[in-house]
Amino acid sequence: MKNLNLSPLKKLEIILEGEHQEFATDLLDRAGVKGYTIVNQLSGKGSHGFWEGHVMFNEDDVLVMIISAVPEALVEPIIEGFTPFFDEHTGVIFISDIQVARAVKF
């Protein structure tokens, strides 16, 4: 692994109901996040019970995960933006340390 220029970033994995996806992506855009990946129709179990990932006709009633890599300086403002939202709605944010090979993209 010679000559790899790795840069430390934070990975955000934001899980919330599909009906709130636009709220989350708008918040990320306003915070200056350069990009994210959206994974639709998640299945899983949490404090609100089991979520089925394959709802036939309603994209709002599924869970989505928005994944993004951000500089550490953006984490606190993003969390502050989501805090009032998560006081009222289902969801969670996982934050982890990562290394990125193409930091110019972030």
Side-chain angles (χ1 to χ4, degrees):
M1 296 192 39
K2 211 192 258 191
N3 296 327
L4 285 181
N5 293 321
L6 298 177
S7 299
L9 292 173
K10 298 288 187 178
K11 179 169 73 169
L12 304 180
E13 295 170 288
I14 305 160
I15 299 174
L16 43 73
E17 294 171 276
E19 69 180 296
H20 304 297
Q21 177 179 312
E22 187 175 343
F23 165 81
T25 56
D26 285 349
L27 191 152
L28 294 174
D29 290 340
R30 287 191 318 271
V33 173
K34 292 185 179 180
Y36 40 80
T37 299
I38 300 171
V39 181
N40 290 300
Q41 298 181 345
L42 300 177
S43 295
K45 181 180 176 190
S47 61
H48 292 276
F50 187 81
W51 284 81
E52 182 65 40
H54 300 288
V55 177
M56 184 79 66
F57 298 108
N58 190 347
E59 298 272 327
D60 289 347
D61 285 337
V62 298
L63 292 179
V64 299
M65 178 169 37
I66 303 168
I67 306 165
S68 187
V70 301
E72 186 170 357
L74 288 183
V75 173
E76 187 174 333
I78 290 169
I79 297 302
E80 287 175 357
F82 275 106
T83 297
F85 173 83
F86 285 132
D87 287 343
E88 303 289 325
H89 302 284
T90 298
V92 67
I93 301 176
F94 298 107
I95 303 166
S96 53
D97 295 323
I98 60 172
Q99 298 286 318
V100 176
R102 294 181 67 196
V104 68
K105 293 288 190 179
F106 302 93

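- Side-chain contact between Val75 and Ile79 is present, with at least one heavy-atom pair separated by less than 4.5 Å.
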Start with the C-alpha distance between Leu27 and Ile78, add both sets of side-chain angles, then the distance that settles side chain to side chain contact (heavy atoms under 4.5 Å, CB included), and finish with yes or no.
-> CA-CA 7 Å; Leu27 191 152; Ile78 290 169; 4.2 Å; yes
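- Taking the side chain as every heavy atom from C-beta outward, Phe94 and Ile14 never approach each other to under 4.5 Å.
- Here CD1 of Ile98 is found 9.5 Å from NZ of Lys10. Values are rounded to the nearest 0.5 Å.
- With a 4.5 Å cut-off on side-chain heavy atoms, Val100 and Leu6 do not count as touching.
- Between the Ser68 side chain and the Leu12 main chain, no donor and acceptor come within less than 3.5 Å of each other.
- Gln99 CD: more than 12 foreign heavy atoms inside a 6.0 Å radius.
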Evaluate the criterion side chain to side chain contact (heavy atoms under 4.5 Å, CB included) for residue pair Tyr36 and Asp29; output intermediate values, then yes/no.
-> CA-CA 10 Å; Tyr36 40 80; Asp29 290 340; 3.3 Å; yes
How far apart are the C-alpha atoms of Glu17 and Leu63, what are their side-chain angles, what is the distance that settles it, and do they pass the side chain to side chain contact (heavy atoms under 4.5 Å, CB included) test?
-> CA-CA 4 Å; Glu17 294 171 276; Leu63 292 179; 4.2 Å; yes
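- Pro77 and Ala73 make their closest contact through CD-O, 3.3 Å (heavy atoms, listed as atom of the first residue, atom of the second, distance).
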Give the intermediate values and the outcome of side chain to side chain contact (heavy atoms under 4.5 Å, CB included) for residues Leu16 and Ile93.
-> CA-CA 9 Å; Leu16 43 73; Ile93 301 176; over 6 Å; no
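- With a 6.0 Å radius and a threshold of 12 heavy atoms from other residues, nucleotides or ligands, Glu88 has its CD atom at or below the threshold.
- The shortest side-chain heavy-atom distance between Asn40 and Ile38 falls under the 4.5 Å cut-off.
- The ring-ring contact (aromatic ring centres under 6.0 Å, His included) search around Phe85 returns His20, Phe23, His89, not counting sequence neighbours.
- Taking the side chain as every heavy atom from C-beta outward, Leu28 and Ile66 approach each other to under 4.5 Å.
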